[in-house]
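Just below is one structure, and these are the notes that go with it.
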Amino acid sequence: MSTPSKTSRPPRLPSDQLESGGGVGPLAVHPKVFRDELAAAAEWVAGYLGQVTERPVARPIPSAHRQDLAAGVLPQGGQDLGALLEFVDRAIAPYPTGNGHPAFFAWINSPPAPAGVIAELLATAINATCGMGEHALMDLERGVVRELASLAGMAATTGGVLTSGGSMANLLCLGAARTWFLRCHDATDGPAYDQAHARLTAYHSDQAHMSVAKAAAVIGLPPWRLRTVPTTSDQRMDVGALQAMVEADRARGLLPFCVVSNLGSTAGGAVDPIEAITRVCRGQGMWHHGDGAWGGLGALVPELAPLYRGVADLDSLTVDPHKTLSVPVGCGAALVTDPARLRDAFAFRASYLDGDQDWPWMSDYTIELTRPGTRALTLWATLRQLGRSGVTDLLQHYQDLAEYLRRRVQQHPAMELCNEGPLPVVCFRLAHGPGTGLPDARADLHTAVAARVQARGHAYLATVCHDGEAVLRACVCNYLTTTADVDTLLQEVQSAIDHLRTT
């Protein structure tokens with residue numbers, strides 16, 4: 001890895017100068033030293049991001065280096081602040097996930113973007129806890145949550161809270177659904193609660209993200225009361241099967257309380273039939289939650305908008321700005337049409353917490369009391385850089401590149417397309433068997449191809465299970481990606497095919 005240029009830094013100042021200009025104690029740093037280190041870090045960050053295409057997409061971490069990092073041996077004496085940058089440059093930056101590179105197609109991990117990098121630094125300097133107290137970042141969070149809800153097409157009443165990601169957002173929304181349902185049935189405590197809770201059932205499709213099952217487990221729902229609804233040939237939830245399963249469970253004395261829809265499944269990008277599922281939920285007195293961690297803003301794209309009709313009637317929606325919007329990792333959102341239902345589930349009082357009930361603390365809407373203020377400012381900065389039209393253009397960019405990849409796959413004699421979208425993920429398989437030079441029955445064929453592509457470092461993709469078979473999967477969520485990067489990906493897949501033919 002070529003090292004970004006660094007600015008020179010002065011030696012550590014003696015303690016008497018620290019005491020006169022920079023505070024006292026082992027964490028104190030003289031203002032001049034701090035400014036110099038910030039300048040050096042800024043220069044490094046600019047160089048690092050500017051050189052991303054010149055480096056391998058990803059590099060394997062040597063075993064000895066992994067062991068050193070994981071050993072956790074703290075030295076007795078402290079180090080100069082400058083050692084941080086030297087350590088990152090030597091030990092961390094050379095081994096990225098790869099999501100910063102425009103030829104990274106493996107997972108839905110967006111790259112770092114300038115607005116988020118700068119905003120994260122500023123918010124960290126303020127270091128406010130966005131769970132308690134009265135300060136501007138907490139009010140800013142209320143505003144960006146409303147903006148997200150508007151972008152998603154939800155009802156004007158929608159509010160909610162920023163989260164660490166989709167997993168936490170799904171957990172909060174399922175928790176709110178459970179509390180709402182039990183209150184509707186006058187089963188909030190005592191034997192009535194125990195009896196009702198023991199009969200709760202929830203539903204998701206066989207394409208649901210694993211975080212839904214995790215969330216159900218955390219709120220006390222055992223696996224046998226989380227129903228997996230089959231999907232149709234296009235990987236969308238079979239609404240007729242859902243209706244039949246709910247009615248059968250109700251006939252057995254169970255209490256169906258929630259359906260989780262996919263607004264962009266992780267494996268293939270499917271969007272469940274929102275309006276039809278909502279009709280089932282309303283007819284059965286159930287909560288309808290949409291998991292749109294990846295595709296929750298799809299209604300902004302004209303070609304996708306018809307699939308999102310009915311979003312305004314959802315009870316809740318998960319959206320992850322750190323996926324499609326390139327907000328720094330750790331920024332998801334739980335959006336609830338009636339945000340008071342989040343407070344019903346998660347607001348607890350204590351004598352040492354004196355929040356204003358007219359302006360409730362954000363901790364009332366989540367299980368976190370201590371929450372970083374970086375989420376609100378990084379999201380605000382990104383949305384302000386983009387504007388509403390910029391968000392649409394960014395999502396359209398992903399769509400256009402995915403369509404380009406689909407066409408290239410369809411034109412390739414050795415490749416077969418497995419899905420037609422609608423979101424920007426492309427699943428494809430290799431033609432194998434007689435006449436292809438590839439074995440007819442090799443279970444790890446696509447895994448071997450993906451591993452070969454990853455090891456070469458020019459592009460990066462992964463595999464996914466499609467109709468019981470591991471196939472290649474490429475998703476587009478990098479604003480830097482171009483058609484040239486898509487071409488590189490296919491060239492690398494072809495190179496892996498050629499390699500397998502000769503081994």
Side-chain angles (χ1 to χ4, degrees), residues 1 52-63 65-66 94-109 207 235 265-269 398 401-421 423-478 480-503:
M1 166 182 168
V52 66
T53 59
E54 301 171 17
R55 299 189 295 270
V57 180
R59 293 174 58 190
I61 308 176
S63 178
H65 187 51
R66 296 188 73 174
Y95 310 103
T97 303
N99 55 296
H101 198 286
F104 180 88
F105 298 92
W107 305 296
I108 310 168
N109 291 346
Q207 298 297 310
Q235 296 187 329
S265 63
T266 301
Y398 303 147
L401 285 173
E403 184 56 32
Y404 176 76
L405 176 55
R406 290 189 191 100
R407 291 199 306 270
R408 289 293 316 276
V409 168
Q410 289 173 318
Q411 294 165 359
H412 198 289
M415 300 179 190
E416 301 172 353
L417 192 64
C418 297
N419 76 323
E420 296 288 345
L423 294 188
V425 58
V426 181
C427 301
F428 60 104
R429 64 167 63 89
L430 306 179
H432 51 83
T436 67
L438 293 173
D440 188 30
R442 179 173 174 176
D444 68 341
L445 174 63
H446 296 100
T447 302
V449 168
R452 175 75 178 173
V453 171
Q454 293 169 7
R456 282 171 53 84
H458 303 301
Y460 205 105
L461 84 169
T463 61
V464 71
C465 183
H466 178 84
D467 290 341
E469 176 189 12
V471 301
L472 298 174
R473 173 184 178 275
C475 61
V476 184
C477 59
N478 190 322
L480 296 172
T481 301
T482 67
T483 55
D485 298 303
V486 174
D487 293 340
T488 297
L489 172 67
L490 293 179
Q491 290 165 8
E492 288 299 300
V493 172
Q494 181 63 60
S495 176
I497 295 172
D498 295 341
H499 174 76
L500 287 176
R501 284 172 173 159
T502 59
T503 57

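Start at 1 with the first residue, then count along the sequence.
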Considering non-hydrogen atoms only, spot the tightest contact between [X] and [Y] and give its length.
{"X": "G98", "Y": "A58", "result": "CA-CB, 4.4 Å"}
{"X": "A106", "Y": "R473", "result": "O-NH1, 3.0 Å"}
{"X": "A450", "Y": "T463", "result": "CB-CG2, 3.9 Å"}
{"X": "A496", "Y": "R452", "result": "CB-CG, 3.6 Å"}
{"X": "A402", "Y": "P424", "result": "CB-CA, 3.4 Å"}
{"X": "A470", "Y": "H446", "result": "O-ND1, 2.9 Å"}

How long is the straight-line distance from [atom2] of [Y] back to [atom1] of [X], given to the nearest 0.5 Å?
{"X": "Q411", "Y": "L490", "atom1": "CD", "atom2": "CG", "answer": "10.0 Å"}
{"X": "E416", "Y": "C427", "atom1": "CD", "atom2": "SG", "answer": "13.5 Å"}
{"X": "H101", "Y": "H458", "atom1": "NE2", "atom2": "NE2", "answer": "9.5 Å"}
{"X": "L489", "Y": "L401", "atom1": "CG", "atom2": "CG", "answer": "11.5 Å"}
{"X": "Y398", "Y": "I108", "atom1": "OH", "atom2": "CD1", "answer": "11.5 Å"}
{"X": "L445", "Y": "L500", "atom1": "CG", "atom2": "CG", "answer": "6.5 Å"}

Find out whether [X] and [Y] are in side-chain contact, i.e. whether some heavy atom of one side chain is under 4.5 Å from a heavy atom of the other.
{"X": "T266", "Y": "V425", "result": "no"}
{"X": "V426", "Y": "F105", "result": "no"}
{"X": "V493", "Y": "L430", "result": "yes"}
{"X": "V52", "Y": "F104", "result": "no"}
{"X": "L461", "Y": "V449", "result": "no"}
{"X": "L472", "Y": "M415", "result": "no"}
{"X": "E469", "Y": "H466", "result": "no"}

*Among side-chain atoms of H412 and Q494, is any donor-acceptor pair under 3.5 angstrom?*
yes
*Verify the distance criterion only: is there a donor paired with an acceptor across the side chains of T482 and D485 at less than 3.5 Å?*
yes
*Using the test ring pair (Phe, Tyr, Trp, His ring centres under 6.0 Å), find all partners of H65 that sit at least two apart in sequence or belong to another chain.*
Y95
*Without swapping roles, check the side chain of S495 against the backbone of Q491 for a donor-acceptor pair under 3.5 Å.*
no
_Main chain of N99, side chain of N109: is a donor-acceptor contact present, judged purely on distance under 3.5 Å?_
no
_If the condition is salt bridge (Lys or Arg N to Asp or Glu O under 4.0 Å), which residues does R408 pass it with, not counting sequence neighbours?_
D487
*With a cut-off of 6.0 Å (strictly less than), are more than 12 heavy atoms of other residues, nucleotides or ligands near CZ of R66?*
no
